[in-house]
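When a ligand or atom number is given, it counts from 1 through the structure's own listing order. Positions are given from 1 along the sequence.
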Amino acid sequence: MSTEKDIDILAIESSCDETAAAVVRNGREVLSNVISSQIDLHKLYGGVVPEIASRKHIEKINQVIWEALDTAGKTLDDVDAIGVTYGPGLVGALLVGVAEAKAISYAKKIPLVGVHHIEGHISANYIENPDLEPPFLCLVVSGGHTHLVVVRDYGMYEIIGRTRDDAAGEAFDKVARAIGLGYPGGPKIDALSKEGNGDAIHFPRAKIEDAPYDFSFSGVKSAVLNFLNGCQMKGETVNRADVAASFQKAVCDVLVDHAMQAVGDYKIKKFAIAGGVASNTALRAAFEAACEKNGVKFYHPSPVLCTDNAAMIGAAAYYEYRAGVRHGLDLNAVPNLKLGER
Ligand code: KG4
Ligand code: ZN
C-alpha cells in the first residue's frame, strides 16, 4: 500500500466557450467535473463570440467552482493545488480563469500551476486508462489544433506533425455551416453521416510533400463548397447526409493514415486521441480498426472528456505539480502559448 499523501487539485478551464471546474485526485481520479456550456448563446451567431464568452465566464465561474468543490465533498482548505489553463485560447476568456485561480491561490495560499490547454487534452487519456504511461503517440484534434505529438514523458512533448491551415474541428464546423447544420458542426456532421454514404462523393485527401505527418484541410473544405455550388448551379438537390458522410470519411482517412504512418516510423505501440473531434464516432471506429490491424493499443477518452473540460486540466496539472512546477501571481494568459513551454 502506498503511503504517499493524496494530491487533490482544483482545476479551472475557461479558454473558449465552456466554463469548467473539477477536482481531480492524483491526476487520474475525477472527484467532480462541472461544465457550464455557452453553446446555446454562441450558436445564434454561428460561432464563438469572444466578448460574449468572457462575460459569460465571469458570470458563471464562481458558481461552477463551488459546485465542483461541493460535489467532491471538499472545501478550498482541502485543496493541494490549483491548476488553470493559461493558454492557448481566447485571451479574454483565459484571463477570467487565470484571474480567478490567482485570487484563490493568493487568498488561501494554495500553490498555483498553469496548464497548457493541449497538455490538458492529451492528459484526458490518463483519467480512464490507469495503465497508460508515456511514451505514446497522441493525435490532438480540436477546434483550434491538429497536432501529432510524441509524448516522451509526462510534460515532455515533441510535435511531429501539424495542420498547415484549418484545424480538423474548424473544417467540420465550416462544412456544417455550408450544408446548413449550424454550430457546433462536428457533432451534427457526426450524427447526419450515419444516414449517408461515405463513398458517395470522393473528396480529396491531402498529402504534403516531405512532411508525411502534416495535415491540410482547406482543400477538402473547398471541395465540399465547390460541390455544393455546382449542385446549386445545375439545380440538383443535394443529399446532405452523403455530403456529410463523404467529407467525414475524407478527414478520417487522412487522420488515420498519417497517424498510423507515424506509429510505424516511431515504433510506438501505444496510440491515443484527444480533443473535441476525438469524440467523432467514425474516427474512433476507424482508429479502433487501424490500431488492431497494426498491433497498437488504442486509447481514447470518453466523449465528455474529449471536448473542453476541467478534469483534463486537473490531470495535466498533477504531473506538472509533481515535476515541481509552481506559477507566481504574475501568471498571465498567453493566447498563443506553445506546447512544452513553462
Ligand atoms: O476540444 P474542443 O472542445 O475545443 C477546442 O479546444 O477547440 O473541440 C471543439 C471542436 C469543434 O470544432 C467541434 O465541432 C468538434 O470539436 N467536435 C466534433 C465532434 N464533437 C465536437 N467534431 C467531429 N465529431 C464530433 N462528434
Ligand atoms: Zn480544447
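Taking every non-hydrogen atom of His117 and a distance limit under 4.0 Å, the qualifying atoms of ligand 1 come out as 6 (O). Ligand-side atoms of ligand 1 in range of Gly143: 5 (C), 7 (O), 8 (O), 9 (C), 10 (C), 12 (O), range being under 4.0 angstrom from any heavy atom. For ligand 1, the atoms sitting less than 4.0 Å from at least one non-hydrogen atom of Gly169 are 12 (O), numbered in the order shown with element in parentheses. Those atoms of ligand 1 with a heavy atom of Gly144 less than 4.0 angstrom away are 7 (O).
Protein heavy atom at the shortest distance from atom 24 (N) of ligand 1 is Asn280 ND2, 3.0 Å. Remark: minimum distance from atom 2 (P) of ligand 1 to any protein heavy atom is reached at Asp308 OD1, 3.4 Å. Nearest to atom 13 (C) of ligand 1 among the protein's heavy atoms is Asp173 OD1, 3.8 Å. Counting only heavy atoms of the protein, atom 21 (C) of ligand 1 lies nearest to Gly276 O, 3.4 Å. Nearest protein heavy-atom neighbour of atom 18 (C) of ligand 1: Gly186 CA, 3.5 Å.
Nearest heavy atom pair, residue Thr163 against residue Asp166, reads OG1-O, 2.6 Å. Between Ile189 and Leu181, the closest heavy-atom pair is CG1-CD1, 3.9 Å.
Considering backbone and side-chain atoms alike, Gly275 places every N or O at 3.5 Å or more from each N or O of ligand 1. For Pro184, no nitrogen or oxygen atom sits less than 3.5 Å from a nitrogen or oxygen atom of ligand 1, counting backbone and side chain alike. For a threshold of 3.5 Å applied to N or O pairs, the pair formed by Ser279 and ligand 1 contains at least one separation below that value. On a distance-only criterion, Asp190 and ligand 1 share at least one N/O pair closer than 3.5 Å.
Take the N/O/S atoms of Asp308: the one nearest the Zn ion (ligand 2) is OD1.
Checked against the 6.0 Å centroid threshold, His258 and Phe215 count as a close aromatic pair. Taking the six-membered ring for Trp, Tyr86 and His117 have ring centres at least 6.0 Å apart. In this structure, the ring of Tyr318 has its center no less than 6.0 angstrom from the ring center of Tyr126.
No side-chain donor-acceptor contact under 3.5 Å links Ser193 and Glu195. Judged by distance alone, the side chains of Tyr157 and Glu119 do bring a donor and an acceptor atom under 3.5 Å apart. When only modelled atom types and interatomic distance are considered, Ser36 and Glu18 share no side-chain donor-acceptor pair under 3.5 Å. At a cut-off of 3.5 Å, with distance as the only test, no side-chain donor of Asp242 or Asn197 sits close to an acceptor on the other residue.
For Cys16, the closest heavy-atom approach to ligand 1 does not fall below 4.0 Å. Using a 4.0 angstrom heavy-atom cutoff, Glu18 does not count as in contact with ligand 1. Using a 4.0 Å heavy-atom cutoff, His121 is listed among the residues neighbouring ligand 1.
The Zn ion (ligand 2) has no N, O or S atom of His145 inside 2.8 Å of it. One of the N, O or S atoms belonging to His121 lies under 2.8 Å away from the Zn ion (ligand 2).
Taking the six-membered ring where tryptophan is involved, the planes of Phe298 and Phe271 are essentially parallel, since the angle between them stays under 30° and well short of 60°.
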Query raised in the report: Yes or no on side chain to side chain contact (heavy atoms under 4.5 Å, CB included) for Ile268 and Val150, after CA distance, side-chain angles and deciding distance?
Result: CA-CA 9 Å; Ile268 298 176; Val150 180; 4.0 Å; yes
Query raised in the report: What's the verdict on side chain to side chain contact (heavy atoms under 4.5 Å, CB included) for Leu225 and Lys174, showing C-alpha distance, side-chain angles and the deciding distance?
Result: CA-CA 9 Å; Leu225 299 181; Lys174 286 178 178 166; over 6 Å; no
